[in-house]
Amino acid sequence: MISARNLTRRFRDLVAVRDVSFNVKKSEIFAFLGPNGAGKSTTIKMLTTLLAPSSGSIEIDGLSPLNQPHEVRKRIGIVFQDPSLDSELTAYENMDFHGVLYHVPKRTRRERIPRLLQVFGLWDRRNNPTKEFSGGMRRRLEIARCLLHTPKIIFLDEPTLGLDPQTRHQLWAQVKQLNQEEQVTVFLTTHYMEEAERVADRIAIIDHGRIIAEGTTEQLKATTAADSLEQAFLSLTGSTIREEEASSLDRMRNMARLFRR
Amino acid sequence: MSCIYILWIRQLTRYVRSRSRMIASLGQPVLYLLALGFGFGPIFQKAGEGNYLQFLAPGVIGMTVLFASMFSGIELIWDRQFGFLKETLVAPVPRILIMLGRTLGGATVAVLQGLIVIVVCSIAGFRPANWAFVPVAFIYMALIGILFTALGTAVASLLSDFQGFQLVMNFLVMPVYFLSGALYPLKNAPAVLEAIARADPLAYGVDGLRGAFLGTWHFGLVTDFGVLIATALLFLVVGAYLFNRIQL
Ligand SMILES: Nc1ncnc2c1ncn2[C@@H]1O[C@H](COP(=O)(O)OP(=O)(O)O)[C@@H](O)[C@H]1O
Ligand SMILES: [Mg+2]
């Protein structure tokens, strides 16, 4: 369903993704596990037509994101690492907007939007603007939204970042259920080991832009002779702490706070 | 088509919901109208130029459309920073349609804003010479709106954060406004000012509005119309090109 061959992406002199190759089978849950700045988001951006690779090739459901972005976009759903809702629009409007952009017929929208909002526990709040939502509710809405056009593959970039354990649990339960009932292929990234361990069929550990190990949890533990995935992860990536730079987004948010009311 | 529509609706919805923006954006026109209109009125009259409020009102209406549409275009920076832009850019929709939907939405908001200011102007005492020509004014407002939303989008496509916004306001929007002849007649202006106004698209918009409302032209109806259409098309093309190049 997803295949990447010798994928590389440079930003000036920084190599964010270095010669990465992997395959994800249909209806598999595949996790990219890695510390901050490892190159997870960059990989997802390349897989989802948002960024051109410096070299290497990608196939999504047999299509090339570079040459057939439109076809690829119809088949995938994405939950970005950063928020991507319109905060002035209501939950329902955000869903409907998405449906129109993805050419979902009106009747299907009328039927699927309520169902998805119910599944993700947002139906009662459907007419509230999303700026009134908590982080967890926004995240659930983003996931509900990415499922509206019945994608074959969903990409989840650190979907549980900043969520409380209850919400995280619920979110993964829903992803798993979806994967089992509708055979949706899932590509996710996280830096929580226990999550990868719990949901993923196969895990690739990525660090400094390189895949340093790949396999099932059992295989990863076996290769590193560790008794938990966490130990395996640390023994593979070392224990130096990676700082995440304050992005222009953070600066912007602070500015915006000053300007609002 | 439906995606142009949904983007258009989105702009309108956002506008209608943000009452503070609606009210804030009326403050400036009212201030210009009252302070300048009544302040300079007597001098204008003495200079033999007639009623200043009559002269100024089309300029203030043009200004309103200019500010509102530039803001709608520049709003792209917010969408980018708050992430919503990604949602539209990964959709299986040609970017040109997204850009068009946004621009039409922004222009519509700007025209609505202009209509409100027409009402404010008439409360202040402004009287169009001939109400039959007011629909013509509407066309000019729409052209100004499209032109500057497209320009705003083009500029915003090049800026990735908020700091550029002040730059655009100070070095683009304000000069475009002040040099357009919105506040003073170009007829007797120094040659340099007149020449600069000729290079300012808003000058043709304001002139067209004045023509429609008062029946007096500086450049002429056809020139105004032609220049506005040509510039709007140019900015749409440039805007679409730059919007298309946005990488995340
Ligand atoms: N647009 C960009 N320009 C320059 N450097 C970038 C850009 N995007 C990501 N990087 C850099 O690439 C590296 C990998 O980033 P990313 O893929 O976001 O990591 P992760 O998602 O695993 O935390 C980081 O060092 C980051 O600073
Ligand atoms: Mg990331």
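What's counted below: heavy atoms across the whole structure, side chains too, no hydrogens, waters or symmetry copies. Sequence lines set the chain letters: A, B, ... in the order given, protein chains first and strands last, and positions in each chain run from 1.
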| message | For B:T13, which atoms come within 4.5 Å of any heavy atom of chain A: side chain, backbone, both, or neither? | response | side chain
| query | What are the residues of residues 84-115 of chain B, in order of number, with any heavy atom under 4.5 angstrom from a heavy atom of chain A? | reply | B:F84, B:K86, B:E87, B:T88, B:L89, B:V90, B:A91, B:P92, B:V93, B:P94
| chain A heavy atoms under 4.5 Å from B:L7: which part of the residue, side chain, backbone, both or neither? | both
| remark: So the ring pair (Phe, Tyr, Trp, His ring centres under 6.0 Å) pairs with at least one residue in residues 108-137 of chain A (sequence neighbours excluded) are none
| query | Restricting to pairs with a member in residues 61-84 of chain A, which pass ring pair (Phe, Tyr, Trp, His ring centres under 6.0 Å), not counting sequence neighbours? | reply | none
| task | Select one option (side chain, backbone, both, neither) describing which atoms of A:E142 are under 4.5 Å from chain B's heavy atoms. | result | neither
| said: Testing the 3.5 Å rule here: is there a donor-acceptor pair between the side chains of A:T42 and A:R9? | reply: no
| query | Among A:I78, A:V72, A:D86, which has the most heavy-atom pairs under 4.5 Å with chain B? | reply | A:D86
| query | Any idea how B:W78 and B:F71 line up, ring-wise: parallel (<30°), tilted (30 to 60°), or perpendicular (>60°)? | reply | tilted
| task | Select, from A:R145, A:H103, A:H149, the one with the greatest count of heavy-atom pairs under 4.5 Å involving chain B. | result | A:R145
| query | Hey, mind stepping through B:L76 and B:F243 against side-chain contact (heavy atoms from CB on, under 4.5 Å) and telling me if it holds? | reply | CA-CA 10 Å; B:L76 181 62; B:F243 186 73; 3.7 Å; yes
| request: Below 4.5 Å from any heavy atom of chain B, which atoms of A:T130 appear? Answer side chain, backbone, both or neither. | output: neither
| query | Is the A:F187 ring parallel, tilted or perpendicular to the A:F30 ring (thresholds 30°, 60°)? | reply | tilted
| note | salt bridge (charged side-chain N to carboxylate O under 4.0 Å, His left out) pairs touching residues 113-124 of chain A, sequence neighbours excluded, are none
| query | Among A:R126, A:R112, A:R109, whose salt bridge (charged side-chain N to carboxylate O under 4.0 Å, His left out) with A:D96 holds? | reply | A:R109
| query | Do the side-chain N and O atoms of A:T189 and A:D157 include a donor-acceptor pair separated by under 3.5 angstrom? | reply | yes
